[in-house]
Amino acid sequence: MSIAPATSDWFEGNGRDLPWRRPGFTAWGTLVSEFMLQQTPVVRVIPRLEEWLDRWPTPADLAAAPSGDAVRAWASLGYPRRALALHAAAVAITERHVGVVPHDVPSLLALPGVGDYTARAVAVFAYGHRHPVVDVNIRRVIARAVHGQGEPGPAAKRDLADMEAILPESVTDARRANVAIMELGAVVCTARSPRCDACPIADQCAWRLAGYPAFEGKRAPVQKKFAGSDRQVRGLIMAELRASDVPVTADEVALVCALEEQRVRALAGLLADGLVVAVDDAYQLPD
DNA sequence: CATGCGTGGGT
DNA sequence: TACCCAAGCAT
């Protein structure tokens, strides 16, 4: 028996009121929200999303702006390469799709920064098509409720088929099941401390029925330490450039990272990624 | 398939 | 305090 019906019923009364669930929210808004939600928590996304859509209400609006403006508006959401990719996606939508966010998964997948999750999320949430949508929340709910495993482990090809197997036939039911199971994973079946007392499928959860066995399988790789990392230095340099109206000199860059070897490596990476461009003897966000 | 890629809040 | 974790993607 599928976990979809009980979870969908629960969602009707318990789903959060989020901007991208408002009636009339555009496909472009959905695409922007999904980019921002790639590894950034909901509460941090909401204010940036609303600013973004006020400033660039359509893909063509963003495509007409310098990519550096997108990087600056991204602010401290993290992983600024997503801002660059979103700008590039807006250009592609404007040039190849007459300014309309594409409906079909292959066309969405062809956009920069769009992978399996985002492509299906847009096709389903913005356009109502029937596809399995698989994010880490859904993988965790399936791992527990269906497979009896406490953790989802690394993402795998099998995940899409697992979700397809519990997806209702009807288009509207399938859409609701995707949203509802994702929401369950986000607010009830959480990674750290699941609230099984509030779970609508507790009575059919294989993990709970087995007595919460410890996870034995392959784990998703743990992130490396952030303090002192190249990633931290990249972030410090980007924050400095975002805050400056004028190009930043090499000496000024050195103020955020005294270790020359690491500073040079981080800057070279940012230049290679196109997040920073060199002008004369200084650095700035791209045009 | 493993790794690198930001940032901030939770435990 | 040190992790852990968050609607992933590209290589």
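First the proteins, then the strands, lettered A, B, ... as listed; each starts at 1. Keep in mind that what you see is a predicted model, and the values were worked out from it rather than measured.
- Of the residues near DNA chain C, E34(A) and L111(A), the one whose nearest nucleotide (by heavy atom distance) lies more toward the 5' end is E34(A).
- When the P atom is compared between dG10(B) and dA7(C), the two are found 14 Å apart, to the nearest whole Å.
- Nucleic acid contact class of L18(A) (heavy atoms, under 4.0 Å, all strands): base.
- Here the separation of dA6(C) from dG6(B), taken at their C1' atoms, is 12 Å to the nearest Å.
- Going from atom CG of L31(A) over to atom C1' of dA7(C) covers 13 Å, rounded to whole Å.
- Going from atom CG of N137(A) over to atom C1' of dG8(C) covers 12 Å, rounded to whole Å.
- Rounded to an integer number of Å, the gap from OH of Y117(A) to P of dA6(C) is 13 Å.
- For the C1' atoms, the distance linking dG8(C) with dC1(B) amounts to 16 Å, nearest Å.
- Across all strands, V42(A) comes closer than 4.0 Å to no nucleic acid atom at all (heavy-atom distances).
- Remark: D281(A) CG is loosely packed, at most 12 non-hydrogen atoms of other residues, nucleotides or ligands lying under 6.0 Å away.
- Separating the CG atom of D159(A) from the C1' atom of dA7(C) is a distance of 15 Å, rounded to the nearest angstrom.
- Remark: the backbone N or O of T249(A) is paired with a side-chain donor or acceptor of E252(A) at under 3.5 angstrom.
- Sparse packing is recorded around CG of D280(A), with 12 or fewer heavy atoms of other residues, nucleotides or ligands lying under 6.0 Å away.
- A salt bridge links R219(A) with E151(A): the distance from a Lys NZ or Arg NE/NH1/NH2 to an Asp or Glu carboxylate oxygen falls below 4.0 Å.
- The phosphate of dC5(C) has neither OP1 nor OP2 within less than 4.0 Å of any side-chain N or O from R219(A).
- Separating the CZ atom of R265(A) from the C1' atom of dG4(B) is a distance of 12 Å, rounded to the nearest angstrom.
- Exactly one residue among T7(A), L184(A), V136(A), V188(A) makes a side chain to side chain contact (heavy atoms under 4.5 Å, CB included) with V141(A). That residue is L184(A).
- If you find the closest nucleotide of DNA chain C to V114(A) and to T190(A), the one lying nearer the 5' end belongs to T190(A).
- Note on Y79(A): it does not cluster hydrophobically with M238(A), by side-chain heavy-atom contacts below 4.5 Å among ILVMFWY residues.
- Base engagement by R21(A) is indicated by at least one non-hydrogen atom pair under 4.0 Å involving a base atom.
- Within the 4.0 Å cut-off from OP1 or OP2 of dG4(B), at least one side-chain nitrogen or oxygen of K224(A) is found.
- As judged by a 4.0 angstrom heavy-atom cut-off over every strand, V133(A) is placed among residues making no nucleic acid contact.
- Residue contacts for A191(A): at a heavy-atom cut-off of 4.0 Å it reaches the sugar-phosphate backbone alone, with no base atom in range.
- For the P atom pair drawn from dT3(B) and dC4(C), the interatomic distance equals 15 Å after rounding to whole Å.
- In this entry the distance linking CG of D116(A) with C1' of dC1(B) reads 15 Å, nearest Å.
- Close to dA7(C), at under 4.0 Å from its OP1 or OP2, lies no side-chain N or O of T118(A).
- Judged by distance alone, the side chain of D159(A) and the main-chain N or O of A155(A) form no donor-acceptor pair under 3.5 Å.
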Open item on the list: Protein within reach of the bases, or only the backbone? For nucleotides 5-11 of chain B, mark each nucleotide 5' to 3' as B, S or -, using heavy atoms under 4.0 Å.
Closed with: BBBS-BS

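- Rounded to whole Å, atom P of dC9(C) lies 9 Å from atom CZ of F35(A).
- If you check every strand for non-hydrogen atoms under 4.0 Å, P112(A) touches sugar and phosphate atoms only.
- For W56(A), the ring pair (Phe, Tyr, Trp, His ring centres under 6.0 Å) test picks out W52(A), with sequence neighbours left out.
- With salt bridges taken as basic N to acidic carboxylate O contacts below 4.0 Å, none links E51(A) and R55(A).
- For the pair R16(A) CZ and dA6(C) P, the interatomic distance rounds to 12 Å; values are reported in whole Å.
- Residue contacts shown for R140(A) are limited to sugar-phosphate atoms, with no base heavy atom under 4.0 Å away.
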